Amino acid sequence: RKESKHYVIAFSQCIGDDAWRATMLEEMKRELSFYPEVTLLYRDAAGNSQQQIAQLRGLVNDHQIDLLIVSPNEAAPLTPMIDSLFQANIPVVVTDRKTSSGLYNAYVGADNIAIGRLAGQYMQHILHGRGRIGTMRGLAGSSAAIERQTGLQQVLDTAAGITLALDLNGDWTKETAYSLAQKNAPALAKLDLILAFNDQMAMGIQQALRENGFMHQKIIGVDALAGPANGLQQIQEGQLFASLLYPTGGAEAIRTAIAILEKKPYVRDNILQTAVIDKENAELMILQSAKIQEQQLDIDKRQALIAEQQKIYQSQQTRLNILVGS
Ligand code: FRU
């Protein structure tokens, strides 16, 4: 492999402290291990748009960054700052959430309008076209919440038999969903189906309903993340009814970033696959992700071995040079 240059990639994450984004970062780091000369500057805005703006300012003022990967917490407040960086010729890769302007070099993530639509169609299918549903939306100003809502609305507009009977505004977190569901437990329990815009909120609702003695609620989420206590497992255990796969795209974001930096061809809109995961295919997904995980660990081990051998080789070279007096 050709030696990569000493590029500095800045990654501004809207909120670091959740399993889905931890997975994204892990995927990024793994992909970056193929480019040992590339530095990743990571900032976690902890779900605060003003903090994310300040961190972006800090990244460009205090560092020589070659490219920015960013997942904007809320679209509108982050747009002027990210646009100004793009206009200052810093390549921008947006991931998962977008700004409102479309000024970026590349997007990596699933199509959130399609996810909203697919969720709507799936609910229609489960309810045989008739029923009362409820939603728990994500953080109002974040593009993923806006787009999922748009997609869902497209289906609701044509689904005469489906009524949106309860529409709650969450903020993507389990905690907020839990406390909203505590307050609305009887109303939620009367619904035929509940769609939470992510699995974390679905789990918050599930917990609140359980604590209020309502057991058999059909709750659908989004993400279907692998790993203990995450969406896939919750589906398999019957805690969640279904989820829509929302890949994190960590590896793809890095690959796109490197292509841009190395002036190679790249795709502007990298749309990651989605799918409905329910009890029928959760098991298969779990097996697949376990297999990938296993192979990944194997690759990690091999890489560590190669790195060690390189070190030994280098120190032998140095000794040899001393011996021959060069
Ligand atoms: C993680 C998350 C996901 C969701 C995405 C939307 O922080 O809330 O659960 O799918 O962000 O941007």
Side-chain angles (χ1 to χ4, degrees), residues 11-28 42-49 51-52 69-79 82 93-100 104 107-119 135-152 168-178 180 195-206 219-227 229-235 240 242-250 252-253 270-277:
F11 173 35
S12 165
Q13 179 65 290
C14 51
I15 177 164
D17 185 22
D18 73 50
W20 189 83
R21 286 178 200 277
T23 304
M24 184 197 281
L25 187 60
E26 202 179 291
E27 280 178 22
M28 285 182 162
Y42 174 67
R43 296 290 181 276
D44 167 8
N48 180 326
S49 300
Q51 182 159 328
Q52 191 166 26
I69 301 177
V70 58
S71 187
N73 188 50
E74 295 166 291
L78 264 305
T79 298
I82 295 171
V93 176
V94 285
T95 182
D96 144 62
R97 297 185 196 171
K98 296 174 178 168
T99 56
S100 0
Y104 55 78
Y107 168 72
V108 176
D111 176 343
N112 280 304
I113 296 183
I115 286 187
R117 220 184 289 129
L118 191 57
T135 51
M136 172 82 72
R137 303 194 198 186
L139 179 70
S142 66
S143 71
I146 298 166
E147 292 178 353
R148 286 175 197 177
Q149 180 61 30
T150 303
L152 175 65
L168 299 171
N169 256 315
D171 62 359
W172 298 120
T173 69
K174 183 177 179 180
E175 294 70 31
T176 304
Y178 171 82
L180 280 169
L195 171 68
F197 280 19
N198 74 1
D199 291 346
Q200 288 301 321
M201 296 192 293
M203 288 176 216
I205 300 171
Q206 159 72 36
I219 309 176
I220 298 172
V222 178
D223 284 345
L225 187 67
N230 294 329
L232 271 187
Q233 194 181 322
Q234 301 279 329
I235 297 168
L240 292 188
S243 180
L244 284 96
L245 179 68
Y246 190 58
T248 72
E252 290 84 349
N270 301 268
I271 305 305
L272 307 173
Q273 287 265 1
T274 187
V276 174
I277 313 293

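As the structure is a prediction and not an experimental result, all values here were calculated from the model. Counting starts at 1 for both ligands and their atoms, in listed order.
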For S12, which residues count as a side chain to side chain donor-acceptor pair (under 3.5 Å) partner, sequence neighbours excluded?
Q52
Check whether any side-chain heavy atom of Y246 lies under 4.5 Å from a side-chain heavy atom of L225, and answer yes or no.
no
Mind checking whether V222 and R148 have side chains closer than 4.5 Å, heavy atoms only?
yes
Considering residues at least two apart in sequence or located in another chain, which fulfil the side chain to side chain contact (heavy atoms under 4.5 Å, CB included) criterion with D17?
none
Under the side chain to side chain contact (heavy atoms under 4.5 Å, CB included) test, which residues partner Q149, sequence neighbours left out?
R137, L152, Q153, F197
Could you pull out every protein residue that has a heavy atom closer than 4.0 Å to ligand 1, ordered by chain and then number?
I15, D18, W20, R21, D96, R97, A144, R148, W172, N198, D223, Y246
Assess whether a salt bridge exists between D44 and R21, defined as any Lys/Arg side-chain N lying under 4.0 Å from an Asp/Glu carboxylate O.
no
